[in-house]
Amino acid sequence: MPALPKCSTLGNGKDMIKTRHGSSSYLEVTYHVSSDFHVIKKALLALSQSPAASYNMFPIISALAVLLGSQRALAASDPIPPTASSCPNNSHLSPLTHKRSCPRLVDDETAILTNSWYPWSIPPTCFDPTKQKGKRPRVKLSKLCTFTTLNTWAGTPLSIITTPETAADVASFIHSPYLSWLENDRGGVPFRPTHYPKNPFKVEKLPNKGYGVLATEPIKKGTVLMAQLPVMLQLLESAEQNDKWETRDVLRLLQRAGNQLPKEQQREVMGLAAQGKGYIVDDIMKTNTFDVTVGVLEGSTGQMGWGSHSGLYPEVAVSFLFFGLSKRWMTNLTSCFTRFSPSTLIMEIVAYKDISPGEELSISYAPLNILSADRSELLKWWGFTCTCALCQNPTAIQKSDKQRNRIQALLEEFDTPSRLTEEKIAEIEQLVREEGMEGQMGDLYNIIGNVYAQRGEIERAKEYGKKGVVWLKQYAGADSERTEMAKGFVKRLEDFERGRRDWRP
C-alpha cells in the first residue's frame with residue numbers, strides 16, 4: 001500500500017484543522033474550532049477517512065459533529081437532499097412487506113449533516129467511485145463504504161464493506177429479523193447461532209492428512225451442526241480487479257472494517273489462515289470467505305437484484321475450511337453442506353447424510369455438478385490435492401464423468417419441451433442421486449416444472465414446482481434467492497388457474 005502523506009491541511013489561518021498521520025495506532029489532531037460549516041464538514045470527512053483513526057477518535061468526531069449540528073441552518077446554500085432508501089419488496093424479509101420500515105440511506109456525508117448514523121454503531125467511512133476520464137457511465141455508481149454495528153440481533157458485531165443502498169437494506173433487519181415467521185416457513189427449525197465446542201464433533205490430527213473434523217456421536221441427515229453470523233461482509237465486485245473503485249480505497253476500507261471490530265473478533269480474524277498474497281486482511285478474506293447473496297439493490301448499479309458478497313465466518317472457517325482440510329489434501333465426497341439465510345445473515349453447516357461417530361466431516365470446495373478436470377483445475381488455486389475415490393480412482397472418475405455428461409445432455413434435451421418424458425425424468429433423478437447431487441434436486445424440479453408450463457400442462461407444472469420448493473427449502477434455505485424464485489413460479493401458476501392473470505413462463 002502506498003505511503004500516506006504525513007500531513008494534510010484543510011482550511012486556512014484561524015480556521016485551520018490539521019491532521020497528522022503518524023506510525024502509531026491513533027491519529028494526532030491539532031485543531032482550532034471553526035464556526036464555518038464547510039470547514040467542519042471537511043474536517044469530519046478527513047477524520048472519518050483517515051486509515052489510522054480508531055475508537056479514541058470518536059470523541060473528537062462527535063464534538064465536531066455537535067458543532068456542525070449547531071451550524072445546520074447555515075447549510076441551506078449547500079444542502080444534501082434527503083434520500084430515502086428504495087426499499088425492495090422482498091417477501092423473504094417479512095410477511096408484512098407493506099408495513100416494512102425502510103431505513104434512510106446513510107453515508108459519510110449524511111452522518112455528518114444529520115449527526116446520526118443509526119442503526120450503525122460507528123459513523124461510516126466512504127470513498128467515491130473512480131472517475132472515468134472521457135467515459136460516461138451508463139448508470140450512476142455508488143460510493144463504497146464501511147459500516148459497523150457492534151450488536152446485531154444475535155448480539156455479535158459486524159462490519160460490512162458495501163454500498164449505502166445495500167447497507168440500508170441490511171439495516172432493515174440487522175437488529176430484528178422476523179425470526180418466528182422465518183422459522184415457521186422452514187418447518188420450525190430455529191435460527192440459533194452455535195459456538196464450538198458445543199457441537200457434536202471434534203478437531204483431531206489424522207494420519208498423513210493433518211487435522212480433521214470428526215463426529216463424536218451419530219448425526220442424522222439434515223442436522224444443523226454449526227450456525228454463525230459473519231463478522232465481516234465485503235461486496236464481491238469490490239474484491240475483484242475492476243475500475244469502479246480504487247484498489248487503495250478498498251484496502252483502506254478493509255483495514256477500517258477490521259479495526260472497528262471488538263478486540264476479540266479482531267484476534268479471531270487475524271488468526272485465520274492466509275496464503276501470503278498481498279495485504280493481510282484482503283488475503284484472509286479471499287482465503288476464508290463464502291460467497292453469499294443478500295436481497296438488495298444490486299451493488300454499484302442501483303438495479304434491483306441479489307448482491308453478491310464475501311462473508312467471513314471465523315468459527316466455520318476454522319472448523320471446516322482449515323481444520324477440515326490440510327494444506328494438501330481434501331475430499332469431494334462431502335458429508336456436509338452450507339446453507340445461507342439472507343434474512344438473518346446466518347451461515348449453517350448441515351449434515352448432507354447420516355454420519356457415524358468417528359466419521360470425518362467435510363464440505364466441498366467445488367460445485368457438486370462439475371466434471372473431474374474442472375474440479376482439479378478449480379482446486380489448484382487452493383493448493384489442494386483431492387484424495388477421495390471420485391478424484392483418485394480412474395474407474396470412478398470415468399463413471400462419474402459419464403453420468404454427469406448424461407445429466408447435462410438430458411437437461412439440454414429439456415430445452416425442447418416436446419422431448420420431456422416421465423422416463424427421462426426418472427433417469428435424471430436416478431443419476432442425480434447416484435452422483436450425490438441431491439442438493440440440486442430442487443433446481444432440477446423447477447426446470448421440469450417450467451418445461452411442463454411451456455407445454456400448457458399446468459397441473460404437472462405445479463406438481464414439480466412444489467417439489468422444487470420443498471427440496472430448495474432443505475438445501476438452499478427457506479429464504480434463499482432460488483427458493484423465492486421457485487415460490488414465485490408456483491404462485492404464478494396458481495394465479496393463472498384462478499383466472500387472475502395470463503400465463504407467462
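A quick note: this is a predicted structure, and the numbers were derived from the prediction, not measured.
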Q: Find out whether Glu237 and Trp245 are in side-chain contact, i.e. whether some heavy atom of one side chain is under 4.5 Å from a heavy atom of the other.
A: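 Touching, per the 4.5 Å side-chain cut-off.
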Q: For the backbone of Pro124 and the side chain of Asp107, can you confirm whether one donor and one acceptor N or O come within less than 3.5 Å of each other?
A: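 Side chain of Asp107 to backbone of Pro124: no pair is present.
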Q: Side chain of Gln266, backbone of Asn259: donor and acceptor closer than 3.5 Å?
A: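 It does hold such a pair.
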Q: Determine whether Pro218 and Pro357 make a side-chain contact, defined as any pair of heavy atoms from C-beta on separated by less than 4.5 Å.
A: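 Yes, side chains in contact.
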Q: Answer yes when Lys353 and Glu359 have at least one side-chain N-carboxylate O distance shorter than 4.0 Å, and no when they do not.
A: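 Yes, this pair counts.
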Q: Looking at residues at least two apart in the chain, or sitting in another chain, which of them share a side chain to side chain contact (heavy atoms under 4.5 Å, CB included) with Asn184?
A: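 For Asn184, no residue satisfies side chain to side chain contact (heavy atoms under 4.5 Å, CB included) once neighbours in sequence are set aside.
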Q: Answer yes or no: is there an ion pair linking Asp108 with Lys143, defined by an N-O contact shorter than 4.0 Å?
A: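 Yes, Asp108 and Lys143 are salt-bridged.
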Q: Do NZ/NE/NH1/NH2 and the carboxylate oxygens of Arg186 and Glu348 come within less than 4.0 Å?
A: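 Between Glu348 and Arg186 there is a salt bridge, with a charged N closer than 4.0 Å to a carboxylate O.
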Q: Look only at the side chain of Ser121 and the backbone of Leu150, and say whether a donor-acceptor pair between them is shorter than 3.5 Å.
A: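 Such a contact is found between Ser121 side chain and Leu150 backbone.
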Q: With sequence neighbours left out, write down each residue that passes ring pair (Phe, Tyr, Trp, His ring centres under 6.0 Å) with Phe337, or none if nothing qualifies.
A: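 Phe337 satisfies ring pair (Phe, Tyr, Trp, His ring centres under 6.0 Å) with Tyr352, Tyr475 once adjacent residues are dropped.
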Q: Can you check whether Pro129 reaches Leu144 side chain to side chain, under 4.5 Å on heavy atoms?
A: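 Result no, sub-4.5 Å side-chain heavy-atom pair not found.
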Q: Per the ring pair (Phe, Tyr, Trp, His ring centres under 6.0 Å) rule, what does the pair list look like for residues 146-165, sequence neighbours excluded?
A: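 Residue pairs passing ring pair (Phe, Tyr, Trp, His ring centres under 6.0 Å), neighbours aside: Trp120-Phe147.
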Q: Ignoring hydrogens and geometry, is there a side-chain-to-backbone donor-acceptor pair from Gln228 to Glu315 under 3.5 Å?
A: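 Side chain of Gln228 to backbone of Glu315, a donor-acceptor pair under 3.5 Å: yes, one is there.
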Q: Can you confirm whether the side chains of Thr110 and Thr114 place a donor and an acceptor under 3.5 Å from each other?
A: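 Side chains of Thr110 and Thr114: no pair found under 3.5 Å.
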Q: Is it the case that the side chain of Thr289 and the backbone of Lys286 share a donor-acceptor pair, with hydrogens and angles ignored and the cut-off at 3.5 Å?
A: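 No.
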Q: Could you tell me whether the side chain of Val281 reaches within less than 4.5 Å of the side chain of Gln255, counting heavy atoms only?
A: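 No. Closest side-chain heavy atoms not under 4.5 Å.
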Q: Less than 4.5 Å apart, side chain to side chain, heavy atoms only: is that true for Met270 and Ile280?
A: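 Yes, at least one pair of side-chain atoms sits under 4.5 Å.
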